Each structure stands twice: as C-alpha cells, then as structure tokens.
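Since the model is a prediction, treat every value here as computed from it, not as a measurement.
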Amino acid sequence: MNRLYHFLLPVLCSAVIFSSCNNKTADEKSSRAVTLIDGHPDWIMQGNIYEVNVRQYTPEGTFKAFEKSLDRLKDMGVQTLWFMPINPISKVDRKGVLGSYYAVADYTAINPDYGTLEDWNALVKHAHDSGMKVIIDWVPNHTGADHNWLKNHPDFYVKDSVTGKALSPFDWTDVRKLDYKNVALQDSMINCMKYWLTTSDIDGFRCDVAGDVPDSFWIKCITELKKTKPGIFMLAEGDKPALNKDGFDATYPWAMFNMMKKVASGKRFANALDSVRNTIDSTYPANALKMMFTSNHDENSWNKADYGTMPGLIHAPFAVFTQTAGRIVPLIYSGQEEPYLDSISFFYKDPIKFGKYGRAKFYKTLLELRKNNAALAANASFKKVTVGDEKALYAYVREAAGKKVFVILNLSPKEQTVKVTDTSLHGEPYNVFMGNKEPLKGTNWKIEPWGYVIYTY
C-alpha cells in the first residue's frame, strides 16, 4: 500500500534528484558501473534476499536497533536486505493501532516510529560497507487514506462509480487506488522512486501489487530508474510473465509456492512440482527469475507460514529447494533463522523473539554454498534426476563453469530408498551438510522422512 505527498511534487523531486546527481563525485559515478548477466545485475545471480520487518524486528522497532543485527546477518550469509515500507503510515481509516505498513502517507518521508532520514542513511551505508545490498518496498498501486494527493491531486485516483470518491481496492479500506491513466501521476511516482535512489543510494525496489499496475507504466518507470542508477534490482509482487518483459528482474512464484504447500500437506506428490516448473519454463522469458520462499510477511501473518504450512521437519527440504532450484533468488523472512514459530501481527506491535538462532547454521550453509558455487547461480543449468519413487523423491543436478551440485529431497513422511543410476554422479562427492566426501555408487541406500542431501563435485 502506498501514500504520496505531492503538490508540484514532480518539480520538487526532480530538483532534489538533479542536485543529488550533480553532487556525486567522479569516484561515486564510476562506482555505478555494473555488469549484467542475462540482463540482471551480476550480484543477484548468486545472491539472496532477507526481508526485514523493522517494526517487529526489535522491541524498539527502529533502524538503529535493527542495525545491531547487521553483523549477525552478514555472518549468516545474507546479501540483500529488503526493507518493508519505511514510509509514514496514514491515520485516516487506519487498521489496528499502528496501521498497515502498506498504507503509505508520504513517499518521500521516513516513518518517524523507525527513526530519521539520517538514521536510515546511516543504516544503508553500514550495510553497503558490509558488502550488502539494500532494496526498499514500494507501494505504487494505492496510497493511504489521508495522502496529500487526495486533496491536491484528486485526479490521481480511481473514483468509485457509486460514490464518486477515491476507490478502495478489494477490502483494503485504509487505502485509495491510484489512476495510471494520469500521466502526471506516472511522472510523480517515478520521481519519488528516483528520490530514494539518489538520497539513500539504495540498490532497487520490491514493488507491491505490481501486477495491478499497468505494464506500460512499468516499462516507462524501470527505464527511467535504470538511467538514474544502472544495475538496480527490481522485484515484482506478481506472477505475470509480462512483468519480466516490463523490466523486472524477478517475480513471485505463487504457483510453485502453493504447490509446495500441497506437497507438504500430503495433498500432492513430489513430482507435482514438475508441472509448475514446466509451465514456468514454457510461459516466462528464458532469463526470468523467481524469488523463492517458504515464508514472507503476508504468508506468515495471514497463512501461518512456515510454522503451520511446513511444520517441524517438513520445512527443511522445502527450504533447500528454495535455495537450490533453477532460475531463482532465495528469500528468508525475518525470524525464520530463529525460527520464530508464530504469526507476526500486521497492525500491532508484536516483536519477534530472537535468541536461539536454531536455523542460522542451516541457512548459512545454504547461503554460502550459493554464493561460492557457480552451479547454483540463477542461470546455471537444471536437470531432473530419477533416484527412486518420484512421488516422494525430488532430485536434480545444477551445473555451470565446471561445477556440479546434486540435490536429493525426500518430500514425504516416510523413509525412502535411493538409488543413483546416473554414472556421471558416481564417485566421491562432498556431502555439504555432513562436511565430508563420501562414496556414491549405484547401490541402494535410505533417506529419512523429509530428508535432504546436497553433494558438490
């Protein structure tokens, strides 16, 4: 959800951006040079995303309080930090005590509950100095219900056909839908996004409800943003193939995620994942990336992910899948490394309780493997392998640059018999989680319920 405060905002934002760009030093400008691989910034191809819920991350719920976790997250292998909306939240028609993060009151301001612009910029700099990237959540489909534009630019909004007032989409009564037929709105939105690229030097955006915003706008917007800062990463909350053609690097994997939940609950067999993968391969551009996850803020708050959808031992093999499948960028949500086995409130203060970090080593193993092994790059090859009952066992090989990764997942509640008949996979590969080389031949062996094995060659 979003909000924008603009009266003559296109002019004001443009002035800020012009000034910021002119103040860049030669070294800063030259540092913008970026290498693209398959049309994407090279740093995301073996990278990952960690979603930060600032409000709930600490008892304080501030940028400064979260900043204390940077070293821990860096050590775990986190590369890109996605911050949920950092903007002020509307008070009119607010839901709950604190309101939805996505009912934005001002696109070019900081939520005072989180701190100041100086606090934010210090956090971004600290992250960059630690070798991490930063993207922010952007809410282009709607603004909060007391946004300045409602008064000064009522023509920026879609009108309800009955009341004539700005429309609230779906049951989102705390927001008002924007009208992208209005070119002035388009330019204002783009300039607000440019503001953060220049003021805070962020590395891209996660765009909320991107599929409900016209493709023509995204083509225009992303082209302009990449002129302002080449090499940014664009993530769309949506699963239309057109979004990739619009310029987004990655989209959401709703079909795959929903199938994963069905397999986890026993409603479908492991090989049902192939039908989704085949559909993706046949309908999306060849270089399209999917952000894979076992939880995110919506799935956690509303659908009990991952503690309810993939409880206990069930979670691990699906987490391995989201980290090692082809054409993906993996996501970890705030608290999953604990793991925090509860929903996190959307409209009230509900801090995550950290302390055990029970999955941190597990995630670190996966994140470091992806970072250091070219066979797990987003564009590395993916090949399914039969190793037993395909209703239960899901196995595949990733390969690139002379490196090979072999993954075997038992997506069932029963012990399964594994037999690797592909002789190219025989030998003494390195067992990543066991930390040693072991012989792999064409003989039978057992894998435990919800078990997982990763071999590297």
Item to complete: Apply the test side-chain hydrogen bond (donor to acceptor under 3.5 Å, both in side chains) to residues Thr251 and Asp239: give CA-CA distance (whole Å), side-chain angles for both, the deciding distance (0.1 Å), then the verdict.
Response: CA-CA 6 Å; Thr251 57; Asp239 58 1; over 6 Å; no
Worksheet item: Is it true that Lys240 and Asp212 have a side-chain N and a carboxylate O under 4.0 angstrom from each other?
Response: no
Worksheet item: Parallel under 30°, tilted from 30 to 60°, perpendicular over 60°: which one fits the rings of Tyr357 and Phe354?
Response: parallel
Worksheet item: Parallel under 30°, tilted from 30 to 60°, perpendicular over 60°: which one fits the rings of Phe83 and Phe66?
Response: perpendicular
Fill in: Which residues share a side-chain hydrogen bond (donor to acceptor under 3.5 Å, both in side chains) with Lys133, sequence neighbours left out
none
Worksheet item: Salt bridge check: are Lys227 and Glu224 linked by an N-O gap of less than 4.0 Å?
Response: yes
Worksheet item: What is the ring orientation for Phe346 with Trp302, classed by angle as parallel under 30°, tilted 30 to 60°, or perpendicular over 60°?
Response: tilted
Discussion item. Strictly below 4.0 Å, N to O, side chains only: are Asp113 and Lys349 in salt-bridge contact?
Written reply: no
For residues 391-410, which side-chain donor-acceptor pairs fall under 3.5 Å, sequence neighbours excluded?
residue: Tyr394; atom: OH; partner: Asp274; partner atom: OD1; Å: 2.7
residue: Tyr394; atom: OH; partner: Arg277; partner atom: NE; Å: 3.4
residue: Tyr396; atom: OH; partner: Thr324; partner atom: OG1; Å: 2.5
residue: Arg398; atom: NE; partner: Ser381; partner atom: O; Å: 3.0
residue: Arg398; atom: NH1; partner: Thr324; partner atom: O; Å: 2.8
residue: Arg398; atom: NH1; partner: Ala325; partner atom: O; Å: 2.7
residue: Arg398; atom: NH2; partner: Ala377; partner atom: O; Å: 2.7
residue: Arg398; atom: NH2; partner: Ala380; partner atom: O; Å: 3.2
residue: Lys404; atom: NZ; partner: Ser424; partner atom: O; Å: 3.4
residue: Asn410; atom: OD1; partner: Ser412; partner atom: N; Å: 3.2
residue: Asn410; atom: OD1; partner: Ser412; partner atom: OG; Å: 2.7
residue: Asn410; atom: ND2; partner: Lys414; partner atom: O; Å: 2.9
residue: Asn410; atom: ND2; partner: Glu448; partner atom: O; Å: 2.8

Item to complete: Identify whether the distance between the nearest side-chain nitrogen and carboxylate oxygen of Asp201 and Lys125 falls below 4.0 Å.
Response: no
Fill in: Charged N-O contact under 4.0 Å between Lys177 and Asp179
no
Discussion item. Looking at Arg327 and Asp38, is any side-chain nitrogen of the basic one under 4.0 Å from a carboxylate oxygen of the acidic one?
Written reply: yes
Item to complete: Using the side-chain hydrogen bond (donor to acceptor under 3.5 Å, both in side chains) rule, take Lys371 and Gln79 through it: C-alpha gap first, then chi angles, then the decisive distance, then the call.
Response: CA-CA 9 Å; Lys371 175 185 177 182; Gln79 181 235 26; over 6 Å; no
Practice prompt. On the 0 to 90° scale, with breaks at 30° and 60°, tag the Trp218-Phe248 ring pair as parallel, tilted or perpendicular.
Written response: perpendicular
